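Take a look at the structure below.
Nothing fancy with the numbering, it's 1 onward along the sequence. We count ligands from 1, going down the list as the structure has it; atoms in each ligand are counted the same way. If you're wondering where the values come from, they're calculated on a predicted model, not measured in any experiment.
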Amino acid sequence: MAVLIDGKRISQEIKEELKQEVAHLKEQGKTGCLAVIQVGDDPASSVYVRNKKRACEYIGIESLSYELPENTSESELLDIIEKLNQDETVNGILVQLPVPDHIDENKVIGAISPKKDVDGFHPQNVGALVSGLPGYVSCTPAGIIQLLKRTGIKITGKNCVVIGRSNIVGKPMSILMLRENATVTIAHSKTKNLPEICKRADIVIAAVGRPKMIDDSYVKEGAVVIDVGIHRNAENKLCGDVDFDRVVPLAEAITPVPGGVGPMTIAMLMYNCVQAMKAGCN
Ligand code: GUN
């Protein structure tokens with residue numbers, strides 16, 4: 001029976017550490033302020049944005065909220081980002097994704113100053129990650145590394161299969177696991193013999209976006225299983241990309257949904273905000 005990897009507890013631990021660090025930085029006259037921009041009123045995005053602002057308040061940094069209507073033009077959004085880039089009171093800028101279809105997401109990501117890009121999505125920060133240089137790292141993958149390390153799971157030399165190749169999770173996740181000396185396979189929707197490939201993994205990271213797709217036919221006995229997915233089923237109950245009930249008897253450790261990876265994303269966003277504050281990105 002698998003050990004549960006407690007993302008709720010570990011994210012709380014990280015936020016406590018950051019809260020103390022922010023208090024010290026404030027004594028040195030440094031301030032933190034995260035600008036959070038949401039375009040439209042997608043309910044899931046509104047929940048994430050609210051939780052991000054709450055986390056700022058909790059650790060003691062300010063948050064500025066931009067709730068823009070769905071019909072905001074791309075140039076209006078880019079103007080706001082440019083003002084925030086120049087604003088010396090702001091050290092982090094985040095545009096909640098997805099943005100509406102009429103706005104080019106890549107243009108928006110590229111417009112944020114890399115120094116204030118606490119999401120770690122700007123090509124300069126992605127390039128830094130790939131090259132092993134300092135920069136902001138995408139929060140969900142960074143959070144998964146913390147979950148593994150703080151649960152005492154060794155990564156070096158392990159076979160890791162990352163299922164999913166998104167810019168936000170799959171790609172940075174695979175680079176981070178490589179940096180931790182894992183042997184990494186990146187699988188995706190077109191991968192042949194996916195169950196067979198996953199069965200070889202010591203660590204499976206599921207970021208496919210399909211409810212309960214990863215069942216016991218994908219997981220070997222004693223594997224560590226990290227579930228990045230979050231979905232609501234017909235009964236409005238949350239579930240992940242992993243069929244938890246079928247995988248829990250054979251895994252060594254597993255993240256639950258909710259309470260696994262989810263809370264770590266916000267904790268690592270706060271970590272990046274504190275890095276921005278320390279670097280004096282304003
Ligand atoms: N949408 C889904 N995940 C994220 C995230 O980590 N950051 C932003 N800005 N938008 C998201």
Side-chain angles (χ1 to χ4, degrees), residues 7 11 14-15 33-56 63-68 70 72 74 77-78 80-81 84-85 90-101 103-126 129 135-147 162 164-173 175-176 205-209 226-232 238 240-241 257-258 260-276:
S11 66
I14 291 172
K15 282 188 284 181
C33 177
L34 171 67
V36 182
I37 306 173
Q38 183 182 356
V39 187
D41 51 10
D42 172 67
S45 289
S46 301
V47 172
Y48 289 128
V49 163
R50 189 163 61 240
N51 289 338
K52 287 171 185 182
K53 289 188 290 194
R54 274 198 197 135
C56 286
S63 66
L64 285 180
S65 198
Y66 291 80
E67 287 157 25
L68 308 176
E70 180 84 17
T72 302
E74 186 180 275
L77 177 58
L78 294 175
I80 291 171
I81 292 171
L84 293 168
N85 283 339
V90 170
N91 34 35
I93 304 170
L94 175 158
V95 178
Q96 186 64 29
L97 302 178
V99 286
D101 288 344
I103 298 176
D104 181 342
E105 184 176 292
N106 285 324
K107 249 193 204 170
V108 170
I109 291 170
I112 297 171
S113 162
K115 290 195 169 111
K116 298 188 180 187
D117 168 40
V118 285
D119 260 328
F121 295 164
H122 190 285
Q124 186 174 312
N125 283 316
V126 177
L129 171 65
Y136 296 110
V137 177
S138 183
C139 303
T140 302
I144 291 170
I145 297 291
Q146 286 302 310
L147 280 181
V162 178
R165 53 176 159 177
S166 70
N167 288 342
I168 294 185
V169 183
K171 286 182 204 163
M173 189 73 247
I175 302 292
L176 284 177
I205 301 176
V208 253
I226 305 292
D227 191 350
V228 183
I230 185 147
H231 316 274
R232 267 188 202 282
L238 291 173
D241 289 350
V257 176
V261 172
M264 295 303 292
T265 301
I266 293 187
M268 298 317 287
L269 174 68
M270 294 302 106
Y271 174 84
N272 283 349
C273 289
V274 174
Q275 298 311 302

Exercise. For the side chain of Asn85 and the backbone of Ala111, is there at least one donor-acceptor N/O pair under 3.5 Å apart?
Worked result: yes
Show which side-chain atoms of residues 263-273 pair as donor or acceptor with protein atoms under 3.5 Å away, not counting sequence neighbours.
from	atom 1	to	atom 2	distance (Å)
Thr265	OG1	Thr140	OG1	2.8
Asn272	ND2	Val118	O	2.8
Asn272	ND2	Val137	O	3.1

Problem set entry | ligand 1 versus Glu105: contacting region, heavy-atom distance under 4.0 Å | neither
Seminar exercise, completed: Looking only at protein heavy atoms, what sits closest to atom 4 (C) of ligand 1 is Gln96 NE2, 4.2 Å
Problem set entry | ligand 1 contacted by Val95 (non-hydrogen, < 4.0 Å) | yes
Exercise. When only distance counts, is Thr140 in polar contact with ligand 1, meaning an N/O pair under 3.5 Å?
Worked result: no
Exercise. Do Glu70 and Thr72 have side-chain atoms, one donor and one acceptor, less than 3.5 Å apart?
Worked result: no
Problem set entry | ligand 1 versus Tyr48: contacting region, heavy-atom distance under 4.0 Å | neither
Exercise. What pair of heavy atoms forms the shortest contact from Gly110 to His122, and how long is it?
Worked result: O-NE2, 3.3 Å
For this session: Would you confirm whether Asn125, through its side chain, and Tyr136, through its main-chain N or O, come within 3.5 Å as a donor-acceptor pair?
Result: yes
For this session: Check each of Ile109, Val108, Ile103 against Glu105 using the side-chain contact (heavy atoms from CB on, under 4.5 Å) test, and report the only one that passes.
Result: Ile109
Exercise. For Lys171, what residues pass the side chain to side chain donor-acceptor pair (under 3.5 Å) criterion, not counting sequence neighbours?
Worked result: Asn167
Exercise. Among all protein non-hydrogen atoms, which one is nearest to atom 3 (N) of ligand 1, and what is the separation to 0.1 Å?
Worked result: Ile168 CD1, 4.4 Å
Problem set entry | Ligand-side contact atoms (ligand 1) for residue partner Lys52, heavy atom cut-off under 4.0 Å | 5 (C), 7 (N), 8 (C)
Seminar exercise, completed: Logged contact type for Leu97 with ligand 1, heavy-atom cut-off 4.0 Å, is both
Exercise. Among protein heavy atoms, which sits nearest to atom 8 (C) of ligand 1, and what does the distance come to when rounded to 0.1 Å?
Worked result: Asp119 OD2, 3.4 Å
